[in-house]
Asks: 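Dumping the structure here so I can ask a few things about it.
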Amino acid sequence: TIQGARAADSGKTLYTYFEAPESGFDPARNSDHYSGEVFSSIFEPLLTYDYLARPQTLVPNTADLPEISPDGMTFTYRIRPGIYFSSDPAFGGQRRELTAADYVYTFQRLVDPANRGAPWDFMFKGKVIGLDEKIAAAANGEFDYDSPVEGLQALDRYTLQIRLKRPDYNIPYITAAPATGVVAREVIERYGDDIDAHPVGTGPFRLKTWERRNHIVLEANPEYRGTTYSPVERDGVEFDHEVAQRLQGKTFPRLDTIDIRIIETAQASWLAFQSSQIDLHPRLGANYALLVAPNNELAEKYVKLGWHYFREAEADITYYQFFMDDPVVGGYTPDKVALRRAISLAFNQAKMISVVRNNQALAAQSPLAPQINGYDPEFRNVLGLYDPAKAKAMLDIFGYVDCDGDGWRDLPDCKPLRITYLSSSSQGGSRDTEEMLIKGLADIGIRLDTDVMNFSDFLKARQAGKFQFSGGAWGQDYPDAENFMQLLYGPNSGVVNDSRFRNAEFDRLYEQIASEPPSDARNERLREMSRIVNAYVPWIVEANRIRTHLAHPWVVGFKPHPDNMPHYLYLDIDWSQMPADLHARRESE
Amino acid sequence: MGRYFIRRLWQTIPTLAGVILLVFILFNLFGGDPAAILAGKIVSPERIATIREQLGLNEPLWVQLWIFVKQVMTFDFGDSWSTGESVADIISQKAPVSLTIMVQVWLLDAIVSISLAVAVAYRRGSLTDRAVMGICTAAMSISLLLYVVIGQYVLGYTLDLFPVLGWSDSLWTNLTTYAPLPVFLLLLVSIAPSLRLYRTFIVEETTHDYVRTARAKGASENRVMFVHVLRNALIPIMTNMAMQLPGLFVGSFVIESVFSIPGLGKEIVAAVLRSDFPVIKAITIYLAILTMLVNLLVDLLYSWLDPRVQLK
Amino acid sequence: MTAPAKSSSAPVSEGFWRAAGRRLFADPLARVCIAIVSVYFVLAALSAAGLIAADWNEEYGVSYANPWFLGEDYPNPQGRNSLISQETMVIDDKQRAVDPLAPYYDEIEERAMQYQLTQRELRWTLPLGADKWGRDLVRKVIKAGEISITVGIGAALLAVMVGTFLGAIGGFFGGRTSDFLEWVYNVFTSVPYILLVLAFAAVTGKGINTIILVLGFTGWTSVYRLIRAEYIKQRSRDYVAAADALGASSARKVFIHILPNVSHLSLVQLSQLVVDFIKAEVILSFLGLGVPPDSVSWGIMINEVMTELVLGKWWQLATVAIVMSVFVVSFGLFTDLLRDALDPKATRR
Amino acid sequence: MSTASPNTQQAAASPALLEVENLTVRFRLGRQNEFTALHGISYAVAPNQTVALVGESGSGKTVSALAVMDLLPRTNTIITPESRLRFNGEPLLEESPAQRRLRCGGQISMIFQDPMTSLNPVYSVGEQLVEILQLHAICPTRAAARARAIELLGEVGIPDPRQKVKSYPHELSGGQQQRVMIAMAIACAPRLLIADEPTTALDVTIQQQILELLVNLKRSRGMSMLFITHDLALVREVADRVVVMNQGHIRESGATGQIFEAPADNYTRALLACRPRIDRRPVKLPVVEDFMKGSYDIDSVAERERGVDSDDTVVLEVDHLRKTYPVKTGWFGEKQFVAVDDVSFRLARGKTLGIVGESGSGKTTLGKAILRLHEAQGGSVRMNGVDLLKLSRAEFQPYKRQMQIVFQNPYASLNPRFTISDILLEPMRIHNLHAGDAERIEHATALLRQVGLSASDLRKYPHEFSGGQLQRISIARCLALKPDILVCDEPVSALDVSVQAQVLNLFQALQDEFAISYLFISHDLNVVKYISDEIMVMHNGAMVEYGNADELYRNPQHPYTQRLLAAIPGRQRHS
Ligand SMILES: Nc1ncnc2c1ncn2[C@@H]1O[C@H](COP(=O)(O)OP(=O)(O)OP(=O)(O)O)[C@@H](O)[C@H]1O
Ligand SMILES: Nc1ncnc2c1ncn2[C@@H]1O[C@H](COP(=O)(O)OP(=O)(O)OP(=O)(O)O)[C@@H](O)[C@H]1O
Ligand SMILES: [Mg+2]
Ligand SMILES: [Mg+2]
């Protein structure tokens with residue numbers, strides 16, 4: 001039923017921005033974050049996260065929470081009847097109801113290499129029974145969507161069943177990822193290569209106009225069923241009660257239009273927010289964040305303006321990685337470990353965070369990120385404390401001394417010790433990092449060169465193992481430690497494990513945690529894995545970013561979510577809070 | 001005249017071929033691999049291979065070159081690799097945006113600098129002249145980026161005379177609201193060199209004997225300046241203005257990035273950073289053709305303004 | 001060519017360059033400009049020789065230390081941040097168990113003792129303030145000047161050499177050679193400059209030499225145009241025909257006869273391009289193609305200030321804007337006056 | 001200096017139309033320097049009279065005319081307060097610039113030396129005529145002005161004025177352009193016409209026509225004319241009075257007859273005598289110094305015999321020489337423009353072949369083709385039986401020593417960035433003459449002496465010399481190679497008469513000493529006649545007449561030669 005999807009008085013427009021351009025709105029083909037922000041409001045996955053619950057908690061979306069077989073290998077979803085796609089010529093004027101078969105189709109699209117190499121295929125590849133065979137068959141022909149897959153079936157119109165080769169308790173998370181949002185086959189087939197511009201989903205919004213990499217306008221989807229918010233009740237889950245209060249009793253979406261501009265310079269978006277050209281400023285530039293809330297408290301003058309201010313750690317991590325097969329910086333013998341450890345001791349994490357990140361980050365202690373299962377805020381990297389004296393001592397002991405008297409340390413065999421840091425020219429702000437690394441290493445007598453290449457060559461070089469030392473970052477695909485630890489899993493070397501770290505104990509533990517549901521024992525195994533990483537230093541963990549988000553007083557219901565998605569669904573505008581002149585200006589536009 | 005055109009168009013072919021070759025070599029052999037960027041978070045070799053296959057990057061180089069040549073001949077550059085949008089659409093969306101700013105700059109620059117040039121050329125050698133020229137040199141020497149950083153901060157932010165940045169879909173809003181500050185800042189940098197150049201042209205003309213003749217005829221100084229000198233100086237001035245035309249389409253990427261104006265200049269830089277070869281190819285070729293057309297136009301203009309020049 | 005030797009008996013003969021120099025020095029403004037530019041050159045040379053600003057990368061102050069005239073009390077939370085020290089932690093047994101270096105702990109501790117360095121006292125004010133790392137802006141701006149000036153002059157020299165050489169060849173010989181060079185020129189000028197720069201930068205990697213190469217190889221066209229036109233004009237002059245009649249080879253005509261007659265144009269172009277390239281370096285930095293991170297330039301500094309301004313830290317912008325502008329403006333004015341002094345019309349009989 | 005009050009000046013009003021009195025003009029050069037171009041000169045032009053202002057280059061003729069027109073640059077000109085300019089009795093210097101400007105073109109008008117540059121290139125002839133007519137309100141409407149313009153063009157003898165009124169200056173020949181200038185000058189029926197070297201840029205034959213036109217117009221319209229020229233011979237036909245100027249001073253002024261018959265001033269006499277005359281060929285031309293030192297009797301100097309004997313050794317044989325220039329036409333088309341066509345001659349040792357012809361007739365091209373500065377397309381140039389045109393570049397190199405060239409413009413033919421020693425040493429270095437630079441410098445010094453300069457000049461640059469000296473240096477440069485043949489391409493045309501004589505004497509002396517053969521190109525028939533043994537007349541690239549100099553002048557065969565000779569100024573009275 002189309003009940004009050006437009007409950008709100010029409011004309012409510014939220015102005016916001018993206019700091020980087022989107023690429024397109026086909027979930028199967030686009031894996032960049034900002035495309036995701038848009039299609040997360042258009043397409044609906046089976047499950048979703050509760051908007052306000054922390055830690056992230058799954059709640060039903062188009063389907064109820066799945067039935068999970070005791071062996072953790074079979075997942076059965078019941079899709080709610082009466083959910084419709086927004087109207088589109090592809091449906092020939094008919095209302096089109098969502099069915100289980102749509103998800104079967106959608107998930108298969110995610111692994112079809114024809115979709116630009118299928119950037120999301122890791123979510124199902126190697127897991128679902130019968131799917132890998134189908135992918136292999138598609139290698140020399142078209143992907144066959146029609147033949148049945150044993151592990152991915154619509155049991156009836158509303159029942160979807162997923163069967164796995166091995167237990168994986170992350171499947172519910174995966175089925176909550178925006179990329180698994182459901183698409184309709186008619187639409188995909190109708191628009192062909194133009195599908196990026198024609199997202200047709202069941203979600204609260206639909207695409208109104210799109211000027212690529214400049215301006216995206218979403219409007220409320222009139223076919224949307226409408227939703228209300230009631231907090232999930234589960235143990236250990238907390239809420240922002242204040243926001244919950246404001247959402248109480250309303251039917252969403254309340255907004256008529258969402259107007260998104262691409263504003264790539266931090267200064268520009270900050271200025272735009274100040275002049276109320278945008279209502280919402282997620283992810284404030286670090287400098288501005290500091291300005292707005294110098295001591296983690298909104299500055300007085302902004303409090304007076306009534307700004308809403310949020311500061312939260314994100315579920316991501318930045319790190320530096322060594323190429324473990326490299327003859328100089330790689331290797332597992334004590335002398336090799338010592339070199340990497342010395343470098344990690346020369347890295348002043350605290351200073352990095354205070355100067356480069358303006359304190360807008362947590363000092364990372366393990367390869368894990370906050371806000372996810374298995375993250376332990378108490379865990380400390382006891383081996384990674386900044387200590388140049390100790391670093392020098394270590395280098396001395398293992399023979400990395402200055403042989404030729406040029407002031408720089410050499411390898412134990414007196415060959416010159418030169419390390420090259422690989423970075424890309426399109427990485428914003430990498431200069432600071434490089435300056436810091438070069439200085440830090442110079443302090444302990446190691447010369448660091450930098451090699452800057454364009455972004456694509458950088459990605460390729462890193463992937464192909466043509467580097468010694470490089471930066472890296474990872475954000476969650478789903479809120480579980482496994483999603484992070486996979487980056488260091490030996491058998492993943494060269495695919496997701498760019499540093500090619502191989503450690504038998506680590507790998508054994510990984511295999512274990514990958515197939516078990518969360519538990520205290522599992523958490524201890526994760527800590528052990530972190531200790532191994534901190535001891536062998538394939539990575540120097542750097543930071544978990546803290547983001548500051550701002551909203552003007554007339555934006556109601558905003559709360560940043562750890563999944564990094566905008567959740568426009570729950571936002572509203574309170575005209576009464578808006579200055580009259582601004583309101584008038586908005587009305588006239 | 002007609003034959004002249006045909007000959008000139010014929011002559012553009014080698015240049016175009018050169019441009020094709022240059023762009024092809026620079027970006028195919030030395031540019032980045034777009035597949036790596038398109039591959040997403042996990043850049044596996046197989047995925048890169050698949051994407052390369054889909055983009056046609058695994059074809060032999062000469063086949064790719066031939067495809068490029070065919071694209072140039074049919075003016076169909078296909079779709080952007082990174083966004084899938086048709087390249088023709090990208091250009092037809094972005095170029096007008098750059099033009100909205102640049103045409104204003106172009107016209108205002110011409111009006112202001114020609115009038116000032118006449119004024120100072122008339123007083124050449126005087127203190128005013130020297131001062132204006134000195135100011136021009138100074139203005140020219142300072143980096144555009146400094147103007148932009150300071151201009152945006154002071155005029156847009158501190159004094160709030162202009163919106164700090166932005167762009168809308170309405171031409172009118174753009175012209176009245178968003179364009180003025182960028183236009184003003186660009187004018188600051190562009191007037192100085194034009195003014196100097198135009199002054200040189202005018203002063204150069206005043207040294208000619210026909211000026212003396214005009215005075216000997218009894219023409220007033222104003223008449224000498226405007227009817228005789230300026231009419232002749234307009235030949236190089238208009239030529240210079242015409243030469244600026246291709247640049248108008250490119251826009252100023254500094255301005256466009258800082259003010260978030262979705263123009264072609266920003267697009268070019270973005271395309272290079274993303275190794276979006278179809279976009280790069282198309283923009284280069286379009287601009288090369290435009291440049292050549294403008295050269296032709298300049299010749300026409302010349303023959304129209306200067307009776308001594310005949311097109312053969 | 002032999003330079004005319006000074007002789008007391010003959011009336012002082014004044015060559016072209018000497019006369020131009022005299023005209024140049026006669027102008028007080030030119031003297032001021034030359035003085036200013038010389039100061040910069042001297043500073044750049046001293047810095048290149050490592051005599052000053054060699055320690056520009058050292059941290060002398062707290063983050064964003066104030067310039068002296070603002071005093072210490074001006075709120076500087078970043079400064080306070082840079083004095084925060086890390087928490088201390090002990091290595092627990094679980095960690096020790098997986099650490100391959102555990103057997104060496106004692107040895108390391110012992111040896112580390114000798115390295116316990118004394119921390120430099122960070123200052124809260126510096127003459128012109130500090131940047132985010134606490135580096136002294138005076139030293140930084142000098143070092144940056146050295147790099148920017150090197151880039152400007154290096155690239156200008158390269159561009160002028162390439163442009164003059166090709167222009168000379170194209171202008172003098174005509175025919176196929178000239179057609180070919182014209183073709184190259186047309187191709188270069190038909191591709192948008194920014195694209196050319198980005199492409200060249202991609203080809204050549206990163207570093208100061210790269211910037212010089214990129215700017216030089218994309219910036220030669222204006223010189224080429226000018227020199228070529230001048231050679232076409234000069235090659236039909238009688239003195240060239242006279243040299244021809246004397247049996248001078250083409251190379252001799254191009255480089256010994258004509259070149260000195262156009263070299264003043266190259267010189268003016270050179271000094272013009274120095275300013276242009278110093279400006280271009282700013283834009284390259286904006287594009288992320290600036291000098292490498294162990295070095296600094298005015299362009300890098302300008303690009304850093306965008307974010308600092310918002311924090312109210314305006315001193316780096318002020319420093320670099322003033323220091324750079326004074327140089328480029330003086331150099332620009334100097335170029336103008338040089339052009340006037342070398343103007344063939346002024347020397348026309 | 002007498003400071004007469006304006007009143008007394010007024011009272012002493014003379015019948016003169018233009019009175020220049022005590023005119024002193026200074027130019028500010030740079031900060032402290034001043035240059036006095038006119039040192040208090042006085043002269044007057046009576047109504048209906050032609051006054052000729054004669055003097056060598058830089059003597060201040062143009063400045064004095066521009067002072068009358070108020071066209072001197074305002075920025076750096078100083079006209080001293082003692083100066084008086086009266087037009088029709090009214091003191092010009094006391095009028096406002098606007099008033100004076102109004103006189104220009106209306107009451108006083110002026111024509112300039114170079115018609116091509118003096119006309120505005122972007123306006124048609126008609127528009128430029130209409131402009132002056134409307135500026136001075138001669139014609140009420142544009143249409144009337146246009147009609148009048150066509151009339152005027154007819155009056156100055158432009159054929160088909162209706163068509164030509166639409167032409168742009170570049171579409172007219174030099175002579176026609178000068179006619180347009182004249183039409184413009186007479187458009188408003190001025191009382192005074194100033195003609196500043198109106199014929200110098202034109203060919204001899206055209207010169208003659210323009211002079212006649214001016215004389216006729218002056219007569220028919222009853223104007224006064226101030227005629228400025230550096231050529232005394234020209235003056236005789238046009239002027240009633242002559243004013244001789246030198247370095248900003250007036251040397252002498254008087255009625256034309258008196259000046260020519262009984263010049264009082266030595267300088268005037270020198271000017272009259274220095275110029276080679278068609279009827280005389282002294283062994284050595286008199287130069288100004290000869291006169292300034294004291295009285296000098298031309299008639300006492302012996303005459304020189306000219307002509308080629310059959311037993312003279314021939315050093316250069318040119319046969320059927322042909323030189324074409326490619327001219328682009330259309331798409332791929334290329335036409336050949338024939339600049340020299342089928343020219344043949346012999347040059348004997350120690351003799352001079354003069355080549356005359358009007359501008360564009362191919363004289364320079366011929367000279368350059370012989371020297372292989374341009375590649376010829378046909379024919380042969382033989383030296384000692386070797387066809388030079390067939391040699392490879394390397395084989396030809398040694399022959400370059402034997403043939404050299406002197407150009408018209410001495411400033412342009414010497415590299416301004418070389419010192420004199422560089423210039424003189426270069427040929428020796430290229431051809432590896434003499435052992436070492438020390439010896440070469442010695443030789444260069446000797447050469448300089450030979451051409452009348454001193455060793456101290458070696459270190460100087462070309463711009464430190466006068467035109468005559470530079471021409472000597474370029475001759476010395478040629479002599480460095482001891483050539484057998486010297487091509488002289490108008491070597492004295494750019495020089496003042498007094499210097500001309502010196503250089504011609506130098507040429508002659510060198511020939512006498514070294515038996516060099518000259519190919520002497522000139523459009524000045526007097527000069528050619530003076531220096532040549534044989535003469536070749538060229539017209540449109542072809543050789544129209546070739547023979548003994550005296551014979552050819554006495555009895556020209558070809559109609560073109562006849563026309564050419566008839567146009568020599570002052571010839572009527574001498575022949
Ligand atoms: N505007 C000026 N500034 C400085 N010097 C000038 C200027 N005009 C003329 N002179 C100088 O005044 C002197 C007289 O010049 P003027 O043009 O009257 O000579 P002229 O007799 O007409 O010579 P020519 O036969 O070469 O035309 C020359 O030495 C010239 O260099
Ligand atoms: N390089 C050239 N290309 C094409 N045409 C030329 C070239 N040089 C000369 N001409 C033409 O050849 C003809 C002969 O020129 P040349 O210079 O020999 O004449 P000239 O008799 O020396 O004339 P002047 O007395 O003006 O010096 C002219 O019509 C000229 O325009
Ligand atoms: Mg004169
Ligand atoms: Mg000639």
Side-chain angles (χ1 to χ4, degrees), chain B residues 1-11 13 121-130 203-238 301-312, chain D residues 62 65-66 69-76 97-98 100-124 127-129 131-137 166-171 180-181 184-185 187-188 190 194 196 327-333:
Chain B
M1 192 72 165
R3 289 181 67 181
Y4 171 81
F5 266 109
I6 294 171
R7 185 165 56 91
R8 280 297 304 262
L9 287 177
W10 187 247
Q11 283 168 351
I13 290 177
Y122 186 70
R123 292 175 182 77
R124 76 172 167 286
S126 70
L127 201 63
T128 329
D129 180 31
R130 280 192 69 140
V203 168
E204 162 76 23
E205 285 301 323
T206 56
T207 63
H208 285 208
D209 286 348
Y210 70 79
V211 178
R212 190 179 56 182
T213 309
R215 294 204 174 107
K217 276 161 128 182
S220 66
E221 279 307 311
N222 273 339
R223 192 175 168 87
V224 169
M225 205 57 175
F226 287 100
V227 177
H228 290 271
V229 173
L230 193 57
R231 174 66 178 76
N232 275 280
L234 273 182
I235 299 170
I237 291 177
M238 303 267 277
L301 198 69
Y302 230 99
S303 75
W304 175 60
L305 287 171
D306 188 344
R308 286 165 296 188
V309 175
Q310 232 125 53
L311 301 180
K312 329 192 252 315
Chain D
T62 303
L66 293 179
M69 296 287 286
D70 192 27
L71 289 180
L72 287 169
R74 294 239 161 73
T75 44
N76 71 333
R100 294 196 65 185
R101 183 56 59 81
L102 219 59
R103 286 189 192 276
C104 290
Q107 294 165 345
I108 316 173
S109 63
M110 186 162 176
I111 39 184
F112 301 98
Q113 172 172 353
D114 191 350
M116 179 66 228
T117 59
S118 297
L119 288 170
N120 194 329
V122 299
Y123 292 114
S124 72
E127 287 170 276
Q128 301 194 44
L129 276 166
E131 183 187 21
I132 187 166
L133 289 169
Q134 296 212 302
L135 273 173
H136 295 281
K166 292 180 214 138
S167 315
Y168 288 95
H170 71 279
E171 294 166 339
V180 172
M181 282 296 293
M184 242 150 67
C188 304
I194 304 177
D196 188 0
V327 186
K328 279 226 161 67
T329 56
W331 200 338
F332 291 120

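Proteins get letters first, then strands, A, B, ... in listed order; numbering begins at 1 in each.
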Asks: Does any backbone or side-chain atom of D/L119 lie under 4.5 Å from a heavy atom of chain B? Answer side chain, backbone, both or neither.
Replies: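 D/L119 touches chain B through backbone heavy atoms alone.
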Asks: Looking at chain B, which one of D/L135, D/T75, D/D114 has the largest number of heavy-atom pairs inside 4.5 Å, strictly under?
Replies: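 Winner by heavy-atom pair count: D/L135.
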Asks: Below 4.5 Å, heavy-atom pairs only: which of D/S118, D/A187, D/P190, D/G105 has the largest tally toward chain B?
Replies: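 Of the candidates given, the most pairs with chain B belong to D/S118.
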Asks: Most heavy-atom pairs under 4.5 angstrom with chain D, which of B/K217, B/R215, B/H208?
Replies: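 Heavy-atom pairs under 4.5 Å are most numerous for B/K217.
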Asks: Rounded at 0.5 Å granularity, tell me how far CZ in B/R231 sits from CG in B/L305.
Replies: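 With rounding to 0.5 Å, CZ (B/R231) is 5.5 Å from CG (B/L305).
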Asks: Shortest non-hydrogen contact from D/H170 to B/P307?
Replies: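 That closest heavy-atom pairing would be CE1-O, 3.0 Å.
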Asks: Which one of B/D306, B/V211, B/N232 has the most heavy-atom pairs closer than 4.5 Å to chain D?
Replies: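 Winner by heavy-atom pair count: B/N232.
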Asks: Can you tell me which of B/A219, B/S220, B/A214 forms the most heavy-atom pairs within a distance under 4.5 Å of chain D?
Replies: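 So the answer, after comparing B/A219, B/S220, B/A214, is B/A219.
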Asks: Looking at residues at least two apart in the chain, or sitting in another chain, which of them share a side chain to side chain donor-acceptor pair (under 3.5 Å) with D/T117?
Replies: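 Partners of D/T117 by the side chain to side chain donor-acceptor pair (under 3.5 Å) criterion, ordered by chain and then number, come out as B/D209.
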Asks: With a 3.5 Å cut-off and no angle check, do the side chains of D/H136 and D/E131 form a donor-acceptor pair?
Replies: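 No, no side-chain donor-acceptor pair sits under 3.5 Å.
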Asks: Between atom CE of D/M181 and atom CD of D/Q128, what is the distance when rounded to the nearest 0.5 Å?
Replies: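 It is 9.0 Å, given to the nearest 0.5 Å.
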Asks: For the residue pair B/Y210 / B/E205, report whether a side-chain donor-acceptor contact shorter than 3.5 Å exists.
Replies: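 Indeed, the side chains of B/E205 and B/Y210 share at least one donor-acceptor pair under 3.5 Å.
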Asks: Mark yes or no: B/R212 above the aromatic ring of D/F112, with NZ or CZ under 6.0 Å from the six-membered ring centre and no more than 45 degrees from the axis.
Replies: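 Judged by the rule (NZ or CZ under 6.0 Å from the ring centre, within 45° of its axis), B/R212 counts as positioned above D/F112.
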Asks: Tell me, for D/I111 versus chain B, whether the close heavy atoms (under 4.5 Å) come from the side chain, the backbone, both or neither.
Replies: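 When you check distances to chain B, no heavy atom of D/I111 falls under 4.5 Å.
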Asks: Chain D heavy atoms under 4.5 Å from B/I235: which part of the residue, side chain, backbone, both or neither?
Replies: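 Side chain only.
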Asks: Between B/Q11 and chain D, which part of the residue has a heavy atom less than 4.5 Å away: side chain, backbone, both or neither?
Replies: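 For B/Q11, there is no contact with chain D at all, as no heavy atom is under 4.5 Å.
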Asks: For B/V227, which atoms come within 4.5 Å of any heavy atom of chain D: side chain, backbone, both, or neither?
Replies: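 For B/V227, heavy atoms of backbone and side chain both lie under 4.5 Å from chain D.
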